[in-house]
Amino acid sequence: MIQSFSHKLISWYKSNKRDLPWRNTDDPYKIWISEIILQQTRVKFAIDYYNKFIEKFPTIESLSEAKEDDVLNSWQGLGYYSRARNIHHTSKILKEKYSSVFPNKYDEIISLKGIGRYTTGAILSFAFKKKIPVVDGNVFRLFSRLFFIDKFIDTASGQNYFYNVAEDLICEKNPDLFNQAIIEYGAMVCKPKNPTCTTCVFNHQCEAYKKNKVFELPLKKNSVRTTDRFLIFILGTKKNIFLKKKKDGIWKGLYTPPIHEAKSKKELNKIKENEELYILNNNVKVLKTSAVIHHKLTHQNLSIKFCYSDLDLDNQNEFVKVKLKNFDHFPVPRVIEKFLKNLYDEQKK
DNA sequence: AACTCGTGGTT
DNA sequence: TAACCAAGAGT
């Protein structure tokens with residue numbers, strides 16, 4: 001049964017797999033970068049970022065010598081920017097401690113910042129062909145349905161259970177192919193919303209399918225709670241923008257204009273032309289405001305208003321004065337990128 | 001253990 | 001259309 005499972009799976013994989021750029025290499029550096037980019041990110045969206053990132057930073061050394069802002073610039077728009085800060089940090093460790101040779105021991109790899117259990121397994125099996133299981137969101141879903149595992153996929157004990165299942169199933173001869181294949185099967189057949197159960201090669205042995213409970217799995221314990229926030233981005237006059245690198249919270253490491261936070265929708269709506277705001281020990285006069293922009297994050301619903309003002313931060317060294325045409329030299333959040341790009345296009349007309 | 005960290009596609 | 005959630009990891 002176990003043999004037939006992996007054989008069936010790998011043979012399905014060979015004739016149905018997608019041709020993805022990171023599947024054409026054994027370079028642990030490239031495998032690593034691809035896995036980080038793919039965390040919580042759709043494959044289709046990741047491809048372009050991966051190709052450009054590898055082109056710009058082809059080796060551990062080139063990445064370790066880069067400036068963090070340049071790495072973040074390559075990451076702009078991908079989200080979860082700690083991933084970019086962590087690979088940059090880790091590339092320096094790899095250069096200094098490992099002489100730019102990627103380690104191939106489990107304990108060494110998992111101790112690197114930004115690399116957890118899943119990514120360690122992915123690097124060890126895809127690059128070094130070792131028999132280490134990988135359990136990502138696709139595998140949780142596939143296994144939970146196939147074996148009707150009603151354990152939470154977002155608790156440590158639940159995840160351990162799934163890893164044990166993977167340990168039992170992973171095949172001796174081609175652990176790397178097996179791992180690629182279970183992920184691909186979850187992504188292409190055993191999908192969250194529209195799984196193609198009728199043509200699934202495992203449907204006769206799928207416990208959830210037999211019970212007609214495919215859509216009840218996998219189980220999660222924690223649901224996401226969102227909070228509403230109301231932000232005002234303070235711009236100067238139209239010619240110049242002041243940006244500062246964020247030190248914490250959302251968008252840490254990216255650049256934003258000074259941020260004033262309102263406590264309610266009412267307070268945000270109240271801010272318009274000729275209002276005064278107290279920001280950074282300055283009384284600031286609002287000259288003009290944008291419409292409210294709604295920007296949704298995983299845990300936060302942001303309502304954002306851009307305000308032109310008479311704020312002048314020329315002598316504040318934490319801030320960099322940027323001309324509108326040059327803002328793309330700095331990594332900024334998507335919502336700011338879009339606004340400034342629009343503004344620049346308008347001014348060119 | 002529960003919470004945080006982005007963005008955009010899909011239903 | 002609001003909700004879900006994608007090749008997770010850090011704290």
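We name chains A, B, ... by the order of the sequence lines, and we start the count at 1 in each one.
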For this session: State whether A:Arg141 places a side-chain N or O below 4.0 Å from either non-bridging phosphate oxygen (OP1 or OP2) of C:dA6.
Result: yes

For this session: Could you check whether A:Lys191 gets within reach of a base, just the sugar-phosphate, or nothing at all, counting any heavy atom under 4.0 Å?
Result: nothing

For this session: State whether A:Lys296 places a side-chain N or O below 4.0 Å from either non-bridging phosphate oxygen (OP1 or OP2) of B:dC5.
Result: no

Exercise. With a 4.0 Å cut-off on heavy atoms, is A:Ser34 in touch with a base, just the backbone sugar-phosphate, or nothing at all?
Worked result: nothing

For this session: Select base, sugar-phosphate, or nothing to describe what A:Ala46 touches, counting heavy atoms under 4.0 Å on all strands.
Result: nothing

Exercise. Per the salt bridge (Lys or Arg N to Asp or Glu O under 4.0 Å) rule, which among A:Lys246, A:Lys245, A:Lys247 passes with A:Glu318?
Worked result: A:Lys247

Exercise. Using a cut-off of less than 4.0 Å, is there contact between a side-chain N or O of A:Gln39 and OP1 or OP2 of C:dA7?
Worked result: no

Exercise. If you draw a 6.0 Å radius around CD in A:Glu261, do more than 12 non-hydrogen atoms from other residues or ligands fall strictly inside?
Worked result: yes

Problem set entry | Presence of donor-acceptor pair under 3.5 Å, side chain of A:Arg83 and base of B:dC5 | no

Problem set entry | Heavy atoms from other residues, nucleotides or ligands near CZ of A:Phe148 exceed 12 (cutoff 6.0 Å) | yes

For this session: Take atom C1' in B:dG8 and the same atom in C:dT1, then report the distance between them in whole Å.
Result: 15 Å

For this session: Send over the distance from A:Arg42 CZ to B:dG8 P, rounded to a whole Å.
Result: 12 Å

Problem set entry | Residue closer to the 5' end of DNA chain C, A:Lys220 versus A:Ile36 (nearest nucleotide) | A:Lys220

For this session: Using the P atom as the reference point in each nucleotide, state the distance between B:dC5 and C:dA2 in Å, no decimals.
Result: 23 Å

Exercise. For A:Ile115, which contact category applies under a 4.0 Å heavy-atom criterion: base, sugar-phosphate, or nothing?
Worked result: sugar-phosphate

For this session: Take A:Lys221 and A:Asp248, find for each the nucleotide of DNA chain B with the closest heavy atom, and name the residue whose nucleotide sits nearer the 5' end.
Result: A:Lys221

Exercise. Can you tell me how far C1' of C:dC4 sits from CG of A:Asp154, to the nearest Å?
Worked result: 14 Å

Exercise. Which residue lies toward the 5' end of DNA chain B, A:Ala156 or A:Arg229, if each is placed at its nearest nucleotide?
Worked result: A:Ala156

Seminar exercise, completed: Result for 5'-nearest mapping on DNA chain C, choosing between A:Glu35 and A:Gly114, is A:Glu35

Problem set entry | Base of C:dG10 paired with side chain of A:Ser82 (donor-acceptor, under 3.5 Å) | no

Problem set entry | Atom NZ of A:Lys211: over 12 foreign heavy atoms under 6.0 Å | yes

Exercise. Does a sphere of radius 6.0 Å around CG in A:Asp345 hold more than 12 heavy atoms from other residues, nucleotides or ligands, not counting ones at 6.0 Å or beyond?
Worked result: yes

For this session: Quick one: label A:Leu297 by what it contacts on the DNA or RNA (base, sugar-phosphate, nothing), any heavy atom closer than 4.0 Å.
Result: base

